[in-house]
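In this chain, residues are counted from 1 in sequence order.
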Amino acid sequence: MDKNLIDYFMNFKKRNVLAYCNVIFPISLDEVIKEEILNKYIDTYINCYYYKILGTLDEKNVSKYDFNVILKELEGYSLELLSEIDKENELYYTTTYLIRYGLYVALIGILIDINDFSLCLNDTEYETEIMEIINLYKEVSITNNSQVVSQLVALVKSSKTKEKKFFNSFDDDNFSLYYKPYRHFEKIMLVDMKYKIPKLSRNYRTKSIDNVYNSIELMPLKVKTILTYLNVDILKKILKQSELETYLVNLPEYFLKQKDIFKSFLNFINNNYFKKHIVLLINNNDYISHKSLLEGFKDKYLFALIIDISHINDVEKKLSSLEDSLFNYIILDKIKEKDYDIIKKYKETSLKTIIINEFICDVVEEVL
């Protein structure tokens with residue numbers, strides 16, 4: 001699957017919420033406007049609750065992204081939609097009604113989506129929980145409660161089954177990711193993959209497996225597998241409202257040799273929220289060889305450059321050349337003590353995201 005799995009799964013959730021809403025609110029004065037409004041509310045819910053992107057609230061005033069924040073965000077968005085309607089529009093009253101009524105319908109659908117129903121053992125228990133959610137909003141009129149609730153139970157059970165199947169499809173006894181804190185930075189994780197392929201008794205057979213695993217031929221599949229599993233792990237954290245670290249992923253030169261291959265690689269991290277936490281690690285030689293290609297993706301993804309500066313005579317010239325580069329982080333290895341003052345100067349002015357990999361003198365504070 002050459003796509004970002006977080007987008008894929010969130011689109012699945014959006015379809016689920018819309019389906020719940022359409023059961024609760026099956027017929028309206030204008031089906032096109034109704035669906036357009038519901039989709040706007042659902043998008044706002046996904047952005048707010050899972051991606052921590054706010055449209056009407058100030059994030060400085062939000063300490064916890066829970067349903068109360070969703071409620072306030074949707075209420076604010078509803079007021080914005082109402083203020084945008086042209087009173088001369090022949091559909092003014094229809095649209096106004098759908099915005100106001102659709103808000104309550106959307107809130108019910110969202111609450112059903114957030115509820116994991118993990119304690120429900122049978123249809124009756126599902127029905128009880130769903131009715132409790134519906135009863136929170138007396139503004140919503142439902143003519144046939146039992147039929148609506150039965151339909152909702154069927155939809156919820158189906159969505160939970162599909163969700164479980166989705167995550168189970170990535171279970172693998174042979175391959176898994178491991179996260180290692182990068183040097184002395186506790187919130188920066190270097191991501192790699194480990195494997196447990198059954199090994200034959202002879203030593204040369206064991207070495208042969210290692211050689212194949214690390215071969216150039218398997219590199220595309222290996223990196224794509226790492227990014228796929230990383231997508232899934234981050235998605236699980238997003239769904240649990242867990243805090244995300246920053247993840248460093250090595251970008252082998254293989255992916256830089258052809259633009260199409262590189263674009264295919266980037267598809268795996270092409271999600272606005274995911275991109276905030278994934279940093280592609282590139283060594284200096286690869287950057288020099290493929291600078292024109294990489295600079296075309298400036299400000300679109302996060303990049304880190306790792307430089308061994310033990311053999312660089314003019315460190316100031318090197319750092320100066322990186323002041324307007326695409327790199328969000330610059331990692332310096334094997335620093336000579338004589339260069340520390342120069343590095344500190346750039347760290348304090350134009351290159352604030354320099355990361356020093358060694359404890360020398362006063363180690364520059366963590367930047368992430």
message: Regarding Glu245 and Lys237, does a basic nitrogen lie under 4.0 Å from an acidic carboxylate oxygen?
response: yes
Asp116 and Lys160 ion-paired at < 4.0 Å: no
Report yes if the side chains of [X] and [Y] come closer than 4.5 Å at any heavy-atom pair, otherwise no.
{"X": "Ile6", "Y": "Tyr273", "answer": "no"}
{"X": "Phe265", "Y": "Val223", "answer": "yes"}
{"X": "Val249", "Y": "Val279", "answer": "no"}
{"X": "Thr95", "Y": "Ile99", "answer": "yes"}
{"X": "Glu125", "Y": "Asn122", "answer": "yes"}
{"X": "Ile53", "Y": "Cys48", "answer": "no"}
{"X": "Tyr287", "Y": "Leu326", "answer": "yes"}
{"X": "Met189", "Y": "Tyr182", "answer": "no"}

Can any side-chain N or O of [X] pair as donor or acceptor with the backbone N or O of [Y] at less than 3.5 Å?
{"X": "Asn283", "Y": "Ile306", "answer": "no"}
{"X": "Ser158", "Y": "Ala154", "answer": "no"}
{"X": "Asp7", "Y": "Met10", "answer": "no"}
{"X": "Glu73", "Y": "Thr56", "answer": "yes"}
{"X": "His290", "Y": "Lys257", "answer": "no"}
{"X": "Lys34", "Y": "Phe25", "answer": "yes"}
{"X": "Ser289", "Y": "Asn285", "answer": "yes"}
{"X": "Asp286", "Y": "Ile282", "answer": "no"}
{"X": "Asn231", "Y": "Leu227", "answer": "yes"}
{"X": "Ser264", "Y": "Asp260", "answer": "no"}

Which pair of heavy atoms, one from [X] and one from [Y], lies closest together, and at what distance?
{"X": "Leu280", "Y": "Leu266", "result": "CD1-CD2, 3.9 Å"}
{"X": "Asn328", "Y": "Leu302", "result": "OD1-CA, 3.1 Å"}
{"X": "Ala106", "Y": "Tyr41", "result": "CB-CB, 3.8 Å"}
{"X": "Leu54", "Y": "Val62", "result": "CD1-CG2, 3.8 Å"}
{"X": "Asp30", "Y": "Leu98", "result": "O-CD1, 3.7 Å"}
{"X": "Phe327", "Y": "Ala304", "result": "CD2-C, 3.6 Å"}

Do [X] and [Y] pair up side chain to side chain, a donor and an acceptor below 3.5 Å, judged on atom types alone?
{"X": "Tyr179", "Y": "Asp192", "answer": "no"}
{"X": "Glu75", "Y": "Tyr77", "answer": "no"}
{"X": "Asn284", "Y": "Lys318", "answer": "yes"}

- Please lay out, stage by stage, how Lys162 and Asn16 fare under the test side-chain hydrogen bond (donor to acceptor under 3.5 Å, both in side chains). CA-CA 11 Å; Lys162 290 176 182 177; Asn16 289 338; over 6 Å; no
Query - salt bridge (Lys or Arg N to Asp or Glu O under 4.0 Å) between Lys187 and Glu243, worked out - result: CA-CA 10 Å; Lys187 292 188 178 181; Glu243 184 180 353; 3.7 Å; yes
Can you say whether the rings of Phe303 and Tyr301 are parallel (under 30°), tilted (30 to 60°) or perpendicular (over 60°)? perpendicular
* To do: If the plane angle is over 60° it's perpendicular, under 30° parallel, otherwise tilted; pick one for Phe166 and Phe170.
  => perpendicular
Tell me, yes or no, whether the heavy-atom count around Ile27 atom CD1, taken from other residues, nucleotides or ligands under 6.0 Å, exceeds 12. no
Item to check | More than 12 heavy atoms of other groups within 6.0 Å of Asn272 CG | outcome: no
The single option from Leu244, Ile269, Leu230 that satisfies side-chain contact (heavy atoms from CB on, under 4.5 Å) with His277 is Leu244
Ring centres under 6.0 Å, that's the criterion: do Phe297 and Phe262 meet it? yes
- prompt: Do the two ring centres, one from Phe167 and one from Phe9, sit under 6.0 Å apart?
  reply: yes
### Message
Please evaluate residues Tyr45 and Tyr50 with respect to the criterion side-chain hydrogen bond (donor to acceptor under 3.5 Å, both in side chains), reporting the C-alpha separation (whole Å), side-chain torsions for both, the decisive distance (0.1 Å), and the verdict.
### Response
CA-CA 8 Å; Tyr45 150 60; Tyr50 295 111; 3.1 Å; yes
| message | Apply side-chain hydrogen bond (donor to acceptor under 3.5 Å, both in side chains) to residues Asn144 and Ser146 and explain how you reach the verdict. | response | CA-CA 6 Å; Asn144 191 333; Ser146 59; 3.2 Å; yes
